[in-house]
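This report concerns only the one structure given below.
Counting starts at 1 for both ligands and their atoms, following the listed order.
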Amino acid sequence: MKNILFVMLATLATPACAALNIFACEPEWGALARELGGDKASVYVASTALQDPHRIEARPSLIARARSADLAICTGAELEIGWMPLVQTQSGNARIQAGQPGYFEAAAVVPLLEKPARVDRSMGDVHAAGNPHIHLDPRNIARVAQALGERMAALDPSNKNEYETKTRDFLERWREATARWEKLAAPLKGMPLVVYHKNMTYMIQWLGMREVANLEPKPGLPPSTGYLTELLAKLQREPAKAIVRSAYNDPRPGEWLAERAKIPSIAIAFTVGGTPQAKDLFSLYDDTLERLLAAAK
Ligand SMILES: [Zn+2]
């Protein structure tokens with residue numbers, strides 16, 4: 001009984017000293033909020049690296065968490081269109097509705113790639129606002145950190161100095177790390193890759209790699225055997241170095257292709273928690289580059 005009471009008190013003590021109650025749609029934004037908020041932020045992350053961020057279920061536990069949030073941080077650009085609007089409505093929390101200061105979209109402060117000129121249903125699950133998978137280019141993380149730090153300070157002015165200091169400190173460490181990653185990743189330049197979804201586009205562009213094929217015939221559509229056979233023929237004409245999937249993707253199509261094309265099939269964390277090594281944003285990048293460099297050899 002004494003132990004139970006202690007655990008209850010310990011659990012209650014955490015949010016009591018935190019000023020800002022944060023609901024993060026994806027692990028990368030939860031990790032960033034922790035960097036910028038420290039002990040002033042209590043962060044709940046709505047999805048894990050093993051879940052497809054396009055397809056999260058708006059279950060009652062998420063809605064309950066959203067109800068008490070001061071700030072919801074999502075990718076935006078329609079990534080969460082299948083679940084977040086429902087969470088927002090069902091939560092009844094006026095603070096985190098679209099257009100309110102308590103709803104922050106990371107994609108809104110980043111120049112988006114691949115904005116389609118037109119979208120129709122025949123194209124599959126195309127992201128009409130542009131590619132929302134922005135977090136694997138560190139320059140985008142820096143843009144988001146700057147804007148998010150300002151937003152946190154505006155929502156919790158009593159701790160403004162704290163957020164400003166933490167944001168400055170994060171950006172400085174992040175700039176140094178980015179320079180280090182760019183040096184380290186030099187051998188990846190020109191590396192031809194097969195990807196699973198258009199979710200590594202920003203990293204490919206940042207490091208000058210090349211996407212030669214995509215395992216999805218159309219965005220959101222898993223490959224058929226016929227399509228994989230076509231890809232195999234394509235890879236025989238235009239070889240790739242590796243097939244890269246995210247932790248949440250089904251490994252089987254890539255492994256089928258890898259075996260026949262005689263190239264490695266590798267998984268990257270994609271976001272924080274996707275591998276045991278990817279514990280925060282810094283180690284996410286360290287680990288991802290390490291895995292790509294091993295495949296480039
Ligand atoms: Zn997508």
Do R252 and W256 form a cation-pi contact, if we require the NZ or CZ to be under 6.0 Å from the six-membered ring centre and within 45 degrees of the ring's axis?
no
Hydrogens and angles aside, do Y202 and N140 bring a side-chain donor and acceptor to less than 3.5 Å of each other?
no
Between the side chains of T271 and E28, does any donor sit under 3.5 Å from an acceptor?
yes
Distance-only donor-acceptor hits, side chain of residues 179-187, under 3.5 Å, sequence neighbours excluded:
{"residue": "R180", "atom": "NH1", "partner": "D286", "partner atom": "OD1", "Å": "3.3"}
{"residue": "W181", "atom": "NE1", "partner": "D286", "partner atom": "OD1", "Å": "2.8"}
{"residue": "E182", "atom": "OE2", "partner": "W206", "partner atom": "NE1", "Å": "2.8"}

Sphere of radius 2.8 Å around the Zn ion (ligand 1) - protein N, O or S atoms inside
H54 NE2, H127 NE2, H133 NE2, H197 NE2
For the side chain of R245 and the backbone of S265, is there at least one donor-acceptor N/O pair under 3.5 Å apart?
no
Is the ring centre of F170 less than 6.0 Å from the ring centre of Y163?
no
